[in-house]
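Worksheet for the structure shown next.
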Amino acid sequence: MSQRIRRTLLTLCLAVAALAWSGGQAQAHGFTSTAYADVVETDGRPRTTLELEYDLLVVSAADAEDDDALFREGTAAFDNGDDRGRARVLDTHAKAVTEYVTGRFLLSSGGTPCTARPHGGASMTRREGVPYAVVVLDWSCPDGGGLRLRSTLFPDREQYVKDTKTIVTYTVDGLSGSAALDGNHPSFSVDRPWYERFGEFFRLGAEHLLTGIDHILFLLALIVGSRGPREVVLAATCFTLAHSVTFLLAALGLVDVPADVVEPVIAASIAVVAGWHLWRLARPADRQPSLGRGHLELDRAGWTRLAVVFCFGLVHGLGFAGALGIDAAWSWTLLWSLAVFNLGIEAVQLALVALTFPLLAVVRRRAPGAARLVTGLVAAGVAVMGLVWCAQRITES
C-alpha cells in the first residue's frame with residue numbers, strides 16, 4: 001500500500017472519529033441554541049412571542065439578575081419534567097426573566113428604543129424534543145421610523161452555548177417576512193432588501209447541515225456504502241427529494257410529527273444505513289453484490305437501498321423543518337426562506353459528496369482490501385453512534 005493511500009485512509013478515519021466525538025459532545029449544550037421569535041402587529045403595536053430553551057433561560061436569567069431562587073426552582077422544575085411547574089417558576093420570577101430577555105432582545109423604531117411589558121403569563125412548548133419557554137411581550141414604539149430588531153440572546157458569561165440563532169417571522173408595518181440572526185448578524189430592519197434575506201437563510205441551511213452531526217454521519221454512511229458513482233449520486237438524489245418533500249409539507253402545515261418521534265428515527269436511520277454496509281461486507285466474497293444491468297444499472301439490492309434511503313430522507317426533512325420552526329399551517333411567510341434554507345443544505349451536501357467519494361473511489365481501485373477495512377470501520381463507528389443517539393433520544397423524550 002502506497003504512503004499516499006495510507007495517509008488518505010488515516011485522514012478518513014480521523015475525520016470520522018472527530019465527527020463522532022463532537023457529536024457526542026453535542027448531546028449536551030456546547031454548540032448552538034436556536035431561539036424563535038414571531039412579531040405581529042396588535043392594536044397598532046408590535047407583539048413578540050419568544051420561544052427560548054428553558055434550561056438556558058433559567059440559568060442565564062438567574063446569573064444575570066442574581067436570582068438564586070430562580071436557579072434552584074427552575075432547575076428543579078426542569079429535572080422533574082413538569083411543564084406547569086416550569087411555567088409557574090417563570091411567572092414567579094417574571095421580573096428577572098423579563099429584564100434578562102428585554103436586555104438582549106430589542107426593538108427600535110427610527111433609531112429610538114421601544115419599551116416592552118409582559119403580555120400574560122409564561123407557557124411551555126417543545127422544539128425537537130427540547131423544552132422551550134414561551135414569553136410574550138407587547139412593545140411601545142415611537143412613530144415615524146422603520147422597525148428594527150436586534151437579538152443577542154445567549155451566550156452569556158456562563159458560556160453554555162457559543163452562539164444562538166434566532167429565527168424571526170414578522171408581519172408588521174404592512175410588511176411580512178423572515179430573518180435569521182446570530183452573533184455575526186445580530187440585527188435587521190423589516191424593510192431590508194430581498195438579497196439580504198436570501199444570504200441569511202442560505203447560510204443558515206449550510207451551517208445547519210455542517211453542525212448537524214447526525215445528518216452528516218447519515219450522508220457519510222451513504223457514501224461509504226455506495227458501490228460506484230452512479231449509486232452514490234442516486235442515493236444523494238433520493239435523500240434530497242425525500243427531505244424536500246417533507247420540508248414542503250411541514251411548511252404548508254400538512255404534516256406535523258412530534259420531535260419525540262422524529263429525532264429517534266433520524267438516529268436509527270444512521271445506524272440502519274451504516275449497518276447495511278456492514279452486512280454487505282460480512283457476506284462471503286462470492287456472494288458480494290455488484291452493480292447490475294437493470295434499470296439505471298442497479299440490481300435489486302441497489303433499488304431496495306434507494307427505497308430505504310428515500311423513507312429515511314422523509315424523516316430527515318421533518319428534522320430540517322424543525323430547525324426553522326416550521327409548524328404553522330400554510331406558513332407562506334416562511335416558504336421562500338425554506339427554499340433558500342434547503343439550497344444551503346444541498347450546497348454543503350454536494351460539496352461533501354464531491355470531496356469524499358472520489359478519494360474513496362481511488363482507494364478502492366488501488367487497495368480494495370484496505371478500502372473494505374476502512375469503510376467497515378467507518379460504518380461500524382457511525383452505526384454505534386446512531387444506536388447511542390437513538391437510545392438517548394428515546395429515554396429523554
Side-chain angles (χ1 to χ4, degrees), residues 31-42 44-53 56-57 60-61 64 97-119 127 132-157 159-208 211 323-326 333-334 336-338 340-341 344:
F31 289 109
T32 61
S33 177
T34 304
Y36 302 90
D38 183 51
V39 187
V40 297
E41 197 164 6
T42 304
R45 296 181 178 182
R47 172 175 294 172
T48 58
T49 301
L50 287 166
E51 297 182 18
L52 310 169
E53 283 195 61
L56 289 179
L57 176 60
S60 298
V97 171
T98 302
E99 288 185 358
Y100 172 79
V101 172
T102 56
R104 292 155 182 81
F105 184 86
L106 309 169
L107 268 63
S108 61
S109 179
T112 303
C114 306
T115 57
R117 61 182 178 84
H119 177 85
R127 293 282 189 177
Y132 269 69
V134 181
V135 178
V136 183
L137 300 170
D138 283 331
W139 298 81
S140 297
C141 299
D143 296 329
L147 192 66
R148 188 171 185 84
L149 187 150
R150 179 179 179 85
S151 178
T152 56
L153 292 162
F154 318 123
D156 292 291
R157 60 189 179 188
Q159 295 184 340
Y160 285 112
V161 295
K162 68 178 184 181
D163 192 18
T164 293
K165 300 187 186 304
T166 304
I167 309 300
V168 183
T169 57
Y170 59 88
T171 303
V172 65
D173 290 346
L175 302 169
S176 63
S178 51
L181 306 179
D182 59 19
N184 294 323
H185 307 83
S187 63
F188 79 100
S189 297
V190 297
D191 56 355
R192 73 200 189 289
W194 67 270
Y195 53 82
E196 289 187 9
R197 284 192 294 151
F198 183 97
E200 288 173 359
F201 279 89
F202 185 89
R203 175 177 51 84
L204 185 63
E207 290 177 354
H208 181 69
T211 58
L324 270 186
I326 299 172
T333 301
L334 273 176
W336 182 87
S337 303
L338 174 152
V340 179
F341 180 86

Notebook entry, point to check: Can you tell if the side chain of R203 reaches within under 4.5 Å of the side chain of D182, non-hydrogen atoms only?
Noted result: yes

Check: Looking only at heavy atoms, which two atoms of L181 and F188 are closest? And how far apart?
Finding: CD2-CD2, 3.8 Å

Margin query: Using side chain to side chain contact (heavy atoms under 4.5 Å, CB included), reason through L107 and L137 one step at a time and then give a plain yes or no.
Written below: CA-CA 11 Å; L107 268 63; L137 300 170; over 6 Å; no

Next item on the list: Identify the residue among T115, V172, T48 that makes a side chain to side chain contact (heavy atoms under 4.5 Å, CB included) with W139.
Entry: T48

Notebook entry, point to check: How long is the span from the CZ atom in R104 to the CD atom in E99, to the nearest 0.5 Å?
Noted result: 10.5 Å

Notebook entry, point to check: When rounded to the nearest 0.5 angstrom, what is the spacing between CG in L57 and CG in L153?
Noted result: 8.5 Å

Next item on the list: State the OG1-CG distance between T49 and D38, to the nearest 0.5 angstrom.
Entry: 5.5 Å

Margin query: Contact between C114 and P46 at the side-chain level, heavy atoms closer than 4.5 Å - yes or no?
Written below: no

Margin query: Distance check, rounded to the nearest 0.5 Å: E41 atom CD versus L147 atom CG?
Written below: 9.0 Å

Item checked: Check: T34 and Y132 side chains under 4.5 Å, non-hydrogen atoms -> yes

Item checked: Distance in Å, T166 OG1 paired with Y36 OH, rounded so as to fall on 0.5 Å steps -> 10.0 Å

Item checked: Check: P142 main-chain N/O paired with S109 side-chain donor or acceptor under 3.5 Å -> yes

Checklist line | S187 and R148: side chain donor to acceptor below 3.5 Å | finding: yes

Next item on the list: Quick one: pull up OG1 in T102 and CZ in R117 and give me the separation to the nearest 0.5 Å.
Entry: 13.5 Å

